[in-house]
Amino acid sequence: MTWQEELIRRNPTLFVRSFRGVPFAPGYPRCTAGWQHVVTRLVERVAAAANDGSVYFTCMVCEHGVLRTHWSSRSEISQRQALKIEEAIGLAEARSASACVDCGAEGRLFATDFVLAPLCKLHLRGTPVPIVAGRDVFLRRGVVRERPVLIRSRYDWDADAFLDLPISADPKAKAPHG
């Protein structure tokens, strides 16, 4: 049994749907074992945010070197739940952008055989993609004084968390490490 199948078996409400009475998992994680920890942490966070069982994944795939995740809900959920789910997905996408697809260690983006993938120092191959200052800034949805806003953040690898940037911060002021 693959790690993806085991994850789905442990979290059937987040993955398993039925088509004409036949179970299937449209959100089956289509990524390498190097991102197992990224996907597992995402599933844990979404399960905690959507504890009523109405939320499920519709797509989870590696696209251009980043984990892309789509989800839906069988019923209306609160804005707070939706934001927690979006934050969990944002954290997984940010971590996957710098987690080696082979082993999961911290790495950077490389182009190999016309495919983009983050790789660590041990697994590096291909051509490193040039680092552009300010490209490590993420826009996240949030709520300030009960109004939806976009929040500029940087991803902290060690804390596995977003660090909000001051409104006046210049995203080009500090180039990302790599």
Side-chain angles (χ1 to χ4, degrees), residues 3-19 23-31 35-99 104 106 109 116 118 132-174 176:
W3 67 268
Q4 293 100 326
E5 291 167 342
E6 182 61 35
L7 185 66
I8 291 168
R9 289 191 194 288
R10 285 194 319 263
N11 301 277
T13 59
L14 289 174
F15 288 99
V16 180
R17 305 274 63 79
S18 179
F19 179 70
F24 75 109
Y28 184 96
R30 286 173 171 61
C31 52
W35 284 357
Q36 178 178 355
H37 70 286
V38 175
V39 174
T40 300
R41 183 74 175 123
L42 167 62
V43 170
E44 291 168 355
R45 286 175 168 157
V46 170
N51 54 9
D52 62 358
S54 66
V55 172
Y56 58 95
F57 295 111
T58 59
C59 180
M60 198 178 294
V61 64
C62 174
E63 184 176 272
H64 308 301
V66 178
L67 180 68
R68 299 291 182 207
T69 304
H70 303 275
W71 63 281
S72 189
S73 178
R74 288 185 291 283
S75 60
E76 194 168 324
I77 62 173
S78 70
Q79 182 182 36
R80 172 171 273 151
Q81 276 183 301
L83 288 173
K84 284 191 173 289
I85 293 166
E86 289 294 331
E87 171 124 352
I89 291 170
L91 287 167
E93 288 180 355
R95 189 159 191 94
S96 72
S98 55
E106 188 173 8
L109 198 60
L116 296 174
V132 178
R135 295 291 297 196
D136 62 335
V137 175
F138 296 88
L139 288 177
R140 304 182 298 116
R141 291 187 317 157
V143 176
V144 174
R145 290 185 221 106
E146 299 185 24
R147 299 186 67 166
V149 296
L150 287 178
I151 301 169
R152 293 175 16 162
S153 305
R154 280 208 164 90
Y155 178 72
D156 182 327
W157 174 272
D158 295 325
D160 191 22
F162 285 122
L163 305 175
D164 293 345
L165 296 174
I167 293 173
S168 63
D170 179 7
K172 295 181 181 179
K174 179 182 161 191

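Note that CZ of R95 and CH2 of W157 are 4.0 Å apart. Values are rounded to the nearest 0.5 Å. R30 contributes atom CZ, which lies 10.5 Å from atom CE of M60 (distance to the nearest 0.5 angstrom). Note that CG of N11 and CD of E6 are 9.5 Å apart. Values are rounded to the nearest 0.5 Å. Separating the CG atom in D160 from the OH atom in Y155 is a distance of 3.5 Å, to the nearest 0.5 Å. Between the CZ atom of R45 and the CD atom of E87 there is a distance of 8.0 Å, given to the nearest 0.5 Å. Atom CG in L163 sits 9.5 Å away from atom CZ in R154 (nearest 0.5 Å).
Under the 3.5 Å distance criterion, the side-chain polar atoms of D156 are matched with a main-chain donor or acceptor of A159. Formation of a donor-acceptor pair under 3.5 Å by the Q4 side chain with backbone atoms of C31 is found in this model. Proximity of a side-chain donor or acceptor of R152 to a complementary backbone N or O of L150 within less than 3.5 Å is not detected.
Nearest heavy atom pair, residue F24 against residue S18, reads CE2-C, 4.0 Å. Summarising the geometry of Q81 relative to A49, their closest heavy-atom pair is NE2-O, 3.1 Å, with the distance given to 0.1 Å. The heavy-atom pair separating V38 from A92 by the smallest distance is CG1-O, 3.5 Å. Residues S72 and T58 come closest through the heavy atom pair CB-CG2, 3.9 Å.
The existence of a salt bridge linking R41 and E44 is confirmed by a sub-4.0 Å separation between a basic side-chain nitrogen and an acidic carboxylate oxygen.
Taking the six-membered ring for Trp and thresholds of 30 and 60 degrees, F57 and F15 have ring planes inclined between 30 and 60 degrees apart.
Under the 4.5 Å side-chain criterion, counting only non-hydrogen atoms from C-beta, P118 is in contact with W35. Residues L42 and L91 have side chains not in contact (no heavy-atom distance under 4.5 Å, counting atoms from C-beta outward). By the 4.5 Å heavy-atom criterion applied to side chains, I8 and P29 are counted as neighbours. Residues I85 and I77 have side chains in contact (heavy-atom distance under 4.5 Å, counting atoms from C-beta outward).
Counted within 6.0 Å of CZ on R9, heavy atoms from surrounding residues, nucleotides or ligands total 12 or fewer; the atom is thus considered open.
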